[in-house]
Amino acid sequence: MKVYQTSDIRNITLLGGAGTGKTTLVEAMLFESGAIKRRGTVDGKNTVSDYFPVEQEYGYSVFPTIITTEWANKKINIIDCPGADDFIGGAISSLTVTDQAAILVNAQYGVEVGTQNQFRYADKMKKPVIFAINQLDKEMADFDKTFEQLRESFGGKVALVQYPVNAGTNFDAVVDVLKMKMYRWKPEGGQPEELDIPEAEKAKAAELHAALVEAAAENDESLMEKFFDQGSLPEEDIFVGIHKGLIDCGIYPVLCLCGGKSMGVRRFMDFLCAVAPSPAEMHAPVTTTGKEVKPDPAGPTSLFFFKTSIEPHIGEVLYYKVMSGKIKGGDDMVNISRNGSKERISQIFSVAGQTRTQVDEMVAGDIGATVKLKDVRTGNTMNGKDIDWIFPEVDYPAPKYRRAIKAQNESEDEKLGEILNRMHAEDPTWVIERSKELRQTILSGQGEFHLRTLKWRVENLDKVMIDFSEPRIPYRETITKAARADYRHKKQSGGAGQFGEVHLIVEPYMEDVPAKEIYKFNGQEYKISVRDTQEINLEWGGKLIFINSIVGGSIDARFMPAILKGIMDRMEQGPLTGSYARDVRVIVYDGKMHPVDSNEISFRLAGRNAFAQAFKEAGPKLLEPIYDLDVLVPSDRMGDVMSDLQGRRGMVLGMNSERGFEHLKAKVPLKEVASYSTALSSLSGGRASFSMQFNAYELCPTDVQEKLIKEYEATQKDEE
Ligand SMILES: Nc1nc2c(ncn2[C@@H]2O[C@H](COP(=O)(O)OP(=O)(O)O)[C@@H](O)[C@H]2O)c(=O)[nH]1
Ligand SMILES: [Mg+2]
């Protein structure tokens, strides 16, 4: 395969809701460009793009697939992304390394939530967007309505380039208002006939042409002047205007497609090659230290790894973008993201699904794959000698669906752990947390669908059967008032005895509120003289303040660490329900020692029990994690979603309308939204989406607290 120069490369992320026809389109592109001799179909499970067993099983893409093909002497690297919201992580990685997005819209269904979501990401990452209205051969295809929706959703920058003459089952022709030609296909698609625009379409075509010329001219002042002077622009100038507009996200051109019949596919590729920007024309990526790195083939070599996949018979395949310089097989590189470890790039490949073609060299801007690296992960940067650039890791959305996971056969737990680590490397939006606190392994992802595909792979390919269950909730315990307790630990059995006695006060810790000088309990006063304060930032959030206020040497200073240890034991296993405790101040003000029998263990136990007693007297409360929920829901489903949220103890904080959608913000306890994605999906027919983020710990309602305490006490009895 030849070496392509930066200006001859086009990197495109292919987006669109599930079933809009992305995988089918890619197949048609490969066929038209001569890369494959037969077009596979998604239903026939033989496409280039959906080559993983899990994708063939479910009939939709799970991983982004990189496909390279040559068209018009340009190299098109197109990344076919999964459409479902659950797999958005792949789309985000792909957008990071491509220069633009092409978003397919199904002519039958128009703009969907998926379209909105994906556009939002492309827009946030400042990537040019080209829309293509696909499946124009479907009986219910409605081009005009779909185009209207695009305009409503994404504004006046949406510019029509082509429209179908006869959308529906007879579809075979489009009018191209840039070229001012009609294209008509034979039933097998492919190369169209180029025809004059028929009389009946002339007026409409002229009007749309004028609109396109104006939209193109708006992106460049000199074009605008020329346009005002002459009332129109020649084709080359329209190209220039659209090209500039794409780079600055000033225009979103709309093309027509029927990928299934290979109609419009050649023109789509022509358009990408002629109008879409090359990597060199886009805004330069920036390193973590703010350095702009242009994709300069003459610059130092730097690679950014954006995807890892574990492929049958090969093992780990790593996909990279050449950010700068050139890369050749046999080059030595330094993995700057992992302590500068050295790696030799043995071979480099250009890829089309699972087909890899070895190439000699790749230049800045290109996308390729390599194998047999020692220790490189998604998100790493590798440089040639003496370069310290690091490109920022991809910013993935927070997980929103959690399940506890375990192997059905306990002896396979360790193997499962390794499999999960590998899965995370392939898809970083599968997040694995081994929670000591919950005594569970928690697998989080983007939705039920997302987790189900993982289960399918683990069970069918790795042959480890797994169970999902409801994850425990990380409650916290705290106190609401001051209380006092003392505890004597004493044991006299045979030889050396044990003795330790601790008197302490506990109270809620609040920032900037110091300990008092005098506390009063049951009419008795306790004077405090602080000798030493330790402030402990707890691993699980919040603080423990430990104050030594011993006077007259009633407890030796050397026993204080043991007392603190005892208290920490109980902080880790809260007195109410065994959850972590937080935000407590403990003042040890008195106690007793025994000249022979006192030792560390005695004081540890005395501290632990005194603390537990005082804690229970101090108005203890359970706290639960509260999440911020951001829901995007079609307006007609708003009522259902609101009442459902109320049933989940949700508090709606605000809402606003956005072109047919309502954007709703709410605060909801984690316990109530562990499987929200499934509920929301069924409430909205899959048309809504949401994100969630931890906000804070808040007091549990009394009934919930009582129930949890009872449950905990029952388990404690079982264990006795
Ligand atoms: N009639 C028709 N069907 C299509 C077209 N493109 C895709 N399909 C079908 O739509 C379904 C989803 O296509 P697929 O390529 O998997 O969509 P993806 O989820 O966007 O990758 C499959 O059954 C395809 O055969 C098209 O242009 N016309
Ligand atoms: Mg697909």
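Both counts, for ligands and for their atoms, begin at 1 and track the order of listing. Index from 1, following the sequence.
- Looking at residues two or more places apart in sequence or on another chain, you find a side chain to side chain donor-acceptor pair (under 3.5 Å) between Arg457 and Glu426.
- Between Gly259 and ligand 1 there is a heavy-atom distance shorter than 4.0 Å.
- When only interatomic distances are considered, the shortest N/O to N/O separation between Asp137 and ligand 1 falls below 3.5 Å.
- Within the listing of ligand 1, atoms 6 (N), 7 (C), 13 (O), 14 (P), 15 (O), 24 (C) sit less than 4.0 angstrom from a heavy atom of Thr24.
- Remark: the backbone N or O of Trp430 is paired with a side-chain donor or acceptor of His424 at under 3.5 angstrom.
- Using a 4.5 Å heavy-atom cutoff, the side chains of Lys75 and Ser350 are in contact.
- The pair Asp99-Lys127 does not meet the salt-bridge criterion, since no charged nitrogen lies less than 4.0 angstrom from a carboxylate oxygen.
- The side-chain hydrogen bond (donor to acceptor under 3.5 Å, both in side chains) contacts involving residues 262-273 comprise Glu32-Ser262, Glu32-Arg266, Trp71-Asp270, Asp176-Arg267, Gln191-Arg266, where partners must be two or more places apart or lie in separate chains.
- Around the Mg ion (ligand 2), the protein N, O or S atoms closer than 2.8 Å are Thr23 OG1, Ser61 OG, listed by chain and residue number.
- Using a 4.0 Å cut-off between heavy atoms, Val42 contacts ligand 1 through its side chain alone, with no backbone atom that close.
- Ion pairing between a basic and an acidic side chain is recognised when a charged N comes within 4.0 Å of a carboxylate O; Lys2 and Glu70 show such pairing.
- Where the criterion is an N or O separation shorter than 3.5 Å, residue side chain and backbone included, Gly260 meets it with respect to ligand 1.
- For a threshold of 3.5 Å applied to N or O pairs, the pair formed by Cys258 and ligand 1 contains no separation below that value.
- Of the possible donor and acceptor atoms, one in the side chain of Asn166 sits under 3.5 Å from a partner among the backbone N and O of Asp172.
- Residues satisfying the salt bridge (Lys or Arg N to Asp or Glu O under 4.0 Å) test with Asp640, not counting sequence neighbours, are none.
- A side-chain donor-acceptor contact under 3.5 Å links Thr678 and Glu448.
- No salt bridge links Glu148 with Lys145; every basic N to acidic carboxylate O contact stays at or beyond 4.0 Å.
- Defined by atom type and a distance below 3.5 Å, a donor-acceptor pair is missing between the side-chain atoms of Asn106 and Thr20.
- Atom 18 (P) of ligand 1 has as its closest protein heavy atom Lys22 N, 3.4 Å.
- By the criterion of a heavy-atom distance under 4.0 Å, both the backbone and the side chain of Thr23 are placed next to ligand 1.
- Among protein heavy atoms, atom 11 (C) of ligand 1 sits closest to Gly19 O, 4.5 Å.
- Less than 6.0 angstrom separates the ring centroid of Phe154 from the ring centroid of Phe119.
- The shortest N or O to N or O distance between Gly21 and ligand 1 is below 3.5 Å.
- Residue, atom and distance of the protein heavy atom nearest to atom 10 (O) of ligand 1 are Gln135 NE2, 3.5 Å.
- Heavy atoms of Thr47 found under 4.0 angstrom from ligand 1: none, in either backbone or side chain.
- If you number the atoms of ligand 1 from 1 as listed, the ones under 4.0 Å from a heavy atom of Asp43 come out as 23 (O), 25 (O).
- Taking any N or O of Thr20, backbone or side chain, at least one lies under 3.5 Å from an N or O belonging to ligand 1.
- Between Phe147 and Tyr163, the ring center distance fails the sub-6.0 Å criterion.
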